[in-house]
> 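Take this structure first; my questions come after.
In what follows, chains are A, B, ... by sequence order, proteins preceding strands, each numbered from 1.
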There are 2 protein chains.
Amino acid sequence: MALLSKSCVYGIRASIYIASEEENGFIPISQVAKELNLSPHFLTKILQELTNEDLLLSHKGPRGGVKFARDTSKIKLIEIIGAIDGMDLFTECALGLEGCGVYKPCPLHDSWTEHRRVLRELFEEENLYDLAMNVKNAGLRLRTLDQKEILDLKSSKKK
Amino acid sequence: MALLSKSCVYGIRASIYIASEEENGFIPISQVAKELNLSPHFLTKILQELTNEDLLLSHKGPRGGVKFARDTSKIKLIEIIGAIDGMDLFTECALGLEGCGVYKPCPLHDSWTEHRRVLRELFEEENLYDLAMNVKNAGLRLRTLDQKEILDLKSSKKK
DNA sequence: CAATATAAAGATAATAATGTCTTCAAATCT
DNA sequence: AGATTTGAAGACATTATTATCTTTATATTG
Ligand code: SF4
Ligand code: SF4
């Protein structure tokens, strides 16, 4: 079990890419999918969830595409996660015992609720602009590695 | 997306219950399933994963059942989680970008790896004995609420 | 207006997670 | 030995997730 669903991870990667191309206006989803090595249609569906939440603006037709509705430095990662996976991760008990712990919490209760709060803060603090800048300036990769790249990485362990 | 799979949550609840019945020797899985309101066959499969990891001992036939192979105060929650969901949660990147961040981490990298470590410690610290004691002494519920119980809970908000 | 490029919507398929049911194997008990 | 109780194994069913493919609606361009 991963922390985030695949849809969510794809959505985050795409969001960072779109933010990094901000200056070019509306970016076609097909371009995003190609750069990130994802299925264009699948990605379209995922990004629609962001459009429906008014995080993204979309525009059809030639020169259309998507772009963020607000200043990307104001769009936090948790908004992307919330739109795609929902906020359960930040509100539910890890052990899923509904009603439990209200009066008589288990030994996990305090540490879990505290931990959940920190997790939430972590994603609340990160904004798309910073993440995108890092992609541009420090070379963070957003697409999965193909076989050749994995080999290159292994052979150049020294650096 | 929850932190833990349903199988894992069921496995944890069952483990706590089994630990709380430790003194009664081998506990039939059917009894555990009944107490926890779970499918006996599904639970059997889940607990088999614990048996295969030598966390549980199992015994067939009349008076058979399962019990923990070691002192439950020495069995940490993370062992149950690892046997059922695996350790990916504690080893993988939240953004799932393999190879990324090795040389040039994204802004999330440090906070995520630190957070992951804390999460791991949280589950490494909790042992079944303590959790089971809490069930017995403080009334932690392990089974899901039925409709009536949910109503009772709501109507007695004051307490 | 016609051609084209694009997102949106929806049909379908593949895979994984969850859950139920049946049969089998082993242990116990009379 | 035979009946019974249990976990183990596996067949099947259901649902959710992930993914692809087709069609439709909308906007732009010329
Ligand atoms: S008491 Fe424990 S099981 Fe109950 S809600 Fe709190 S952390 Fe979850
Ligand atoms: S740099 Fe960021 S995306 Fe890459 S492994 Fe670290 S946390 Fe994950």
> With respect to the phosphate group of D:dT17, does any side-chain polar atom (N or O) of A:Ser7 fall under 4.0 Å of OP1 or OP2?
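So the side chain of A:Ser7 is outside the cut-off, no N or O lying under 4.0 Å from OP1 or OP2 of D:dT17.
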> Rounded to the nearest angstrom, tell me the gap between atom CG in A:Leu57 and atom P in D:dT26.
18 Å
> Starting at CG of B:Leu4, measure out to CD1 of B:Ile81 and round the result to the nearest 0.5 Å.
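One gets 5.0 Å once the value is rounded to the nearest 0.5 Å.
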> Can you measure A:Leu38 atom CG to D:dT17 atom C1' for me and round it to whole angstrom units?
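Going from CG in A:Leu38 over to C1' in D:dT17 covers 15 Å.
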> Could one point to a donor on the side chain of A:His41 or the base of D:dT22 with an acceptor on the other under 3.5 Å away?
yes
> Would you mind telling me which of D:dT6, C:dA27, C:dG19 lies closest to the side-chain atoms of B:Tyr10?
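Per side-chain heavy atoms of B:Tyr10, the pick is C:dG19.
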> Sub-3.5 Å donor-acceptor pair from the side chain of A:Glu125 to the main-chain atoms of A:Leu122, do we have one?
no
> Rounded to whole angstrom units, what separation is found between the CZ atom of A:Arg63 and the C1' atom of C:dT6?
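The distance from CZ of A:Arg63 to C1' of C:dT6 comes to 13 Å, rounded to the nearest Å.
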> How long is the line joining NZ of B:Lys60 and P of D:dA9, in whole Å?
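Taking NZ of B:Lys60 and P of D:dA9, I get 7 Å after rounding.
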> Specify the residue among A:Gly61 and B:Ser30 whose closest nucleotide of DNA chain D lies further upstream toward the 5′ end.
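This one resolves to B:Ser30.
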> Kindly point out which of D:dA8, D:dT4, D:dT18 is positioned nearest to the side chain of A:Phe42?
D:dT18
> Given atom CG of B:Leu56 and atom P of D:dA8, what is their separation to the nearest angstrom?
9 Å
> Scan B:Leu43 against the nucleic acid and name what it touches under 4.0 Å (heavy atoms): base, sugar-phosphate only, or nothing.
nothing
> Heavy atoms under 4.0 Å, any strand shown: does A:Ile46 hit a base, just sugar-phosphate, or nothing?
nothing
> Quick check on C:dA7: is either OP1 or OP2 less than 4.0 Å from any side-chain nitrogen or oxygen of A:Ser58?
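Negative; the distance criterion is not met.
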> When the distance from CD of B:Gln48 to C1' of C:dA25 is rounded to whole Å, what number comes out?
12 Å
> Using whole Å, what does the distance between atom P of nucleotide C:dT20 and atom NZ of B:Lys45 come to?
11 Å
> Does the B:Arg116 side chain pair with the main chain of B:Thr91, one donor and one acceptor, at a distance under 3.5 Å?
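At least one qualifying donor-acceptor pair exists.
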> With no hydrogens and no angle check, is any side-chain donor or acceptor of A:Asp88 less than 3.5 Å from a backbone partner on B:Ala2?
no
> For the side chain of A:Pro62, counting heavy atoms from C-beta on, which of D:dT28, C:dA7, C:dA8 is nearest?
D:dT28
> What's the CD1-C1' distance between A:Ile27 and C:dA7, to the nearest Å?
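Spelled out: CD1 on A:Ile27 to C1' on C:dA7 is 14 Å.
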> Under a 4.5 Å cut-off applied to non-hydrogen side-chain atoms, are A:Asp110 and A:Glu114 in contact?
no
